[in-house]
Undergrad: 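For reference, the structure I am asking about is given below.
Lettering of chains follows the sequences in order, A, B, ..., and the numbering in each one begins at 1.
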There are 2 protein chains.
Amino acid sequence: MPRKKASQELTRDMIVKEARKQFERKDFHQVSMRSIAQELDCSHGAIYYHFKNKAELFYTIIEEYFISLNKRMEDTVNDPGDKHGKLKNVFLCFIEFGLDHQSQYEIMFMTRNKEVDGLSHEAANLSYQKFAETVQLLSHKRLLIKDIYSAFISLHGFVSHYSGSVSSYKEAIDAAQVHADFILKALD
Amino acid sequence: MPRKKASQELTRDMIVKEARKQFERKDFHQVSMRSIAQELDCSHGAIYYHFKNKAELFYTIIEEYFISLNKRMEDTVNDPGDKHGKLKNVFLCFIEFGLDHQSQYEIMFMTRNKEVDGLSHEAANLSYQKFAETVQLLSHKRLLIKDIYSAFISLHGFVSHYSGSVSSYKEAIDAAQVHADFILKALD
DNA sequence: CTCTCTATTTGACCAGTGGTCAATAATATT
DNA sequence: AATATTATTGACCACTGGTCAAATAGAGAG
């Protein structure tokens with residue numbers, strides 16, 4: 001029984017793809033190695049040949065989301081419009097990302113995982129860096145890093161608070177506007 | 001073997017006490033019904049005679065923490081000093097509570113538990129209510145509820161962000177000051 | 001003082017989790 | 001064709017929350 005025919009061999013990509021798929025509808029703890037294996041018609045043990053553990057597999061997925069978030073923020077800068085409006089859009093964009101990818105956001109910014117941690121933590125830092133640059137770029141005055149950090153934390157609070165009680169960004173869009181304005185005022 | 005002698009019978013209080021003790025050093029998922037039972041020299045099944053499930057047991061514990069948090073906020077109002085200073089202290093007091101009781105805070109304000117939920121969610125709402133009243137009381141001007149809510153969310157963000165990367169309030173006290181000032185500015 | 005009835009506890013059990021590993025079979029290499 | 005490598009299985013481990021029939025300690029009744 002061991003070892004499948006070449007045509008149906010398991011690849012890292014197949015595993016990531018299936019895991020990502022389930023991760024879109026269920027959170028980290030709800031997606032089990034066994035449920036992934038089942039959908040791929042393999043044993044869960046096989047996955048451990050391709051990935052050291054569950055954390056490594058999910059970090060692989062999360063990486064893409066970090067890239068996507070960074071790209072979104074960049075794009076917002078390049079959009080048309082005045083700086084002030086774009087600054088608010090960066091805030092809303094962050095919130096949108098968080099609420100439309102709640103399971104991913106949780107691992108990206110909320111879980112202090114002892115396992116793969118170093119990597120995820122670094123990527124989160126990089127995303128914050130990007131955020132800080134973007135905010136400074138769009139601000140009409142020179143900002144203090146501590147204030148940018150507070151803005152970031154306040155945005156994070158919004159996502160963390162609405163995660164779970166709302167199923168997508170659009171359900172919290174009004175509250176998000178209000179909160180973004182609140183943060184803008186503090187930066188002014 | 002079943003049923004112990006009267007002198008060593010299990011009580012709800014004994015269970016809560018032991019669970020609370022372990023909950024101070026470990027988070028919800030790290031404290032198992034079995035580890036509580038072991039420390040109480042009983043089987044884990046016995047606990048289920050006194051509590052419907054793990055969520056009910058832990059909600060019982062969490063209730064006390066909600067009361068304690070509310071009390072802290074009240075006390076801050078009655079402290080000596082000017083209103084502005086006290087307002088900032090309410091913010092710091094909330095952060096202090098969150099960072100000095102991270103495992104509890106997680107269940108109180110971060111977990112959207114499907115089980116006991118209704119209760120915990122209500123208590124969280126009540127704590128927010130208390131927060132809102134207190135903030136309005138200490139503000140020099142009439143505030144909008146939406147702004148108070150944004151302030152709350154921003155504080156929550158601080159706790160959520162530093163939870164896990166810091167082991168107590170005192171390690172984040174400087175950052176907390178900065179963040180409190182940031183929120184004060186937005187409210188002004 | 002027994003007899004019953006109820007309250008409490010046990011421990012085996014269930015279904016699930018992440019993770020490990022010897023055995024094995026398909027493929028590559030020689 | 002023989003050998004070495006690689007990928008896969010499935011049994012296994014230790015753990016989780018939760019359920020439940022069976023058994024016993026104590027309370028109350030006669």
Undergrad: Output the rounded distance in Å from CE (M14(B)) to C1' (dT8(C)).
TA: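 Spelled out: CE on M14(B) to C1' on dT8(C) is 13 Å.
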Undergrad: When you measure from the centre of the six-membered ring of F66(B), is the NZ or CZ of K130(B) under 6.0 Å away and within 45° of the axis?
TA: no
Undergrad: Is E64(A) salt-bridged to K71(A), going by a charged N under 4.0 Å from an acidic O?
TA: no
Undergrad: Would you call the rings of H101(A) and F97(A) parallel, tilted or perpendicular, taking 30° and 60° as the class edges?
TA: tilted
Undergrad: Could you list all N or O pairs between the protein and nucleotides 12-18 of chain C that sit under 3.5 Å apart?
TA:
from: dT17(C); atom 1: OP1; to: S32(A); atom 2: OG; distance (Å): 2.9
from: dG18(C); atom 1: OP1; to: K54(A); atom 2: NZ; distance (Å): 2.8
from: dG18(C); atom 1: OP2; to: M33(A); atom 2: N; distance (Å): 3.1
from: dG18(C); atom 1: N7; to: R34(A); atom 2: NH1; distance (Å): 2.7
from: dG18(C); atom 1: O6; to: R34(A); atom 2: NH2; distance (Å): 3.2

Undergrad: Indicate yes or no: does E39(A) engage K21(A) in a salt bridge with an N to O separation below 4.0 Å.
TA: no
Undergrad: Would you tabulate the side-chain donor-acceptor contacts of residues 86-96 of chain B under 3.5 Å, counting partners in other chains and residues two or more places apart, or write 'none'?
TA:
from: K86(B); atom 1: NZ; to: V77(B); atom 2: O; distance (Å): 2.7
from: K86(B); atom 1: NZ; to: D79(B); atom 2: O; distance (Å): 3.1
from: K88(B); atom 1: NZ; to: Q177(B); atom 2: OE1; distance (Å): 3.0
from: K88(B); atom 1: NZ; to: D181(B); atom 2: OD1; distance (Å): 3.1
from: K88(B); atom 1: NZ; to: D181(B); atom 2: OD2; distance (Å): 3.4

Undergrad: Provide, to the nearest angstrom, the distance between the NZ atom belonging to K52(B) and the P atom belonging to dC20(D).
TA: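 Interatomic distance, NZ of K52(B) to P of dC20(D): 15 Å.
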Undergrad: Can you see whether R25(B) engages Q30(B) through a side-chain donor-acceptor pair at a distance of less than 3.5 angstrom?
TA: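 There is no such pair between these side chains.
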Undergrad: Give the rounded distance in Å between these two atoms: CD of E56(B) and C1' of dG17(D).
TA: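 For the pair E56(B) CD and dG17(D) C1', the rounded distance is 14 Å.
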Undergrad: State which residues pass side-chain contact (heavy atoms from CB on, under 4.5 Å) with S32(A); sequence neighbours excluded, sorted by chain then number.
TA: R34(A), S35(A)
Undergrad: Report the distance from atom CD1 of I36(B) to atom C1' of dG17(D), rounded to the nearest whole Å.
TA: 11 Å
Undergrad: Over how many whole Å does the gap from Y49(B) atom OH to dG11(C) atom P extend?
TA: 18 Å
Undergrad: Taking atom P of dT16(D) as reference, at what distance in whole Å does atom CD1 of I47(B) sit?
TA: 12 Å
Undergrad: Under the side chain to side chain donor-acceptor pair (under 3.5 Å) rule, collect the residues that match up with H156(B), sequence neighbours excluded.
TA: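 Here the qualifying residues are S160(A), Y105(B).
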Undergrad: Tabulate protein N/O versus nucleotide N/O from nucleotides 26-30 of chain C, keeping only pairs under 3.5 Å, one per line.
TA:
from: dT27(C); atom 1: OP1; to: A6(A); atom 2: N; distance (Å): 2.5

Undergrad: State which residues pass side chain to side chain donor-acceptor pair (under 3.5 Å) with T60(A); sequence neighbours excluded, sorted by chain then number.
TA: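 By the side chain to side chain donor-acceptor pair (under 3.5 Å) rule, T60(A) matches no residue at all.
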Undergrad: Could you state the CG-C1' distance from L10(B) to dG26(D), rounded to the nearest angstrom?
TA: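 The answer, rounded to whole Å, is 16 Å.
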Undergrad: Distance check needed: dT8(C) C1' versus R12(B) CZ, whole Å only.
TA: 15 Å
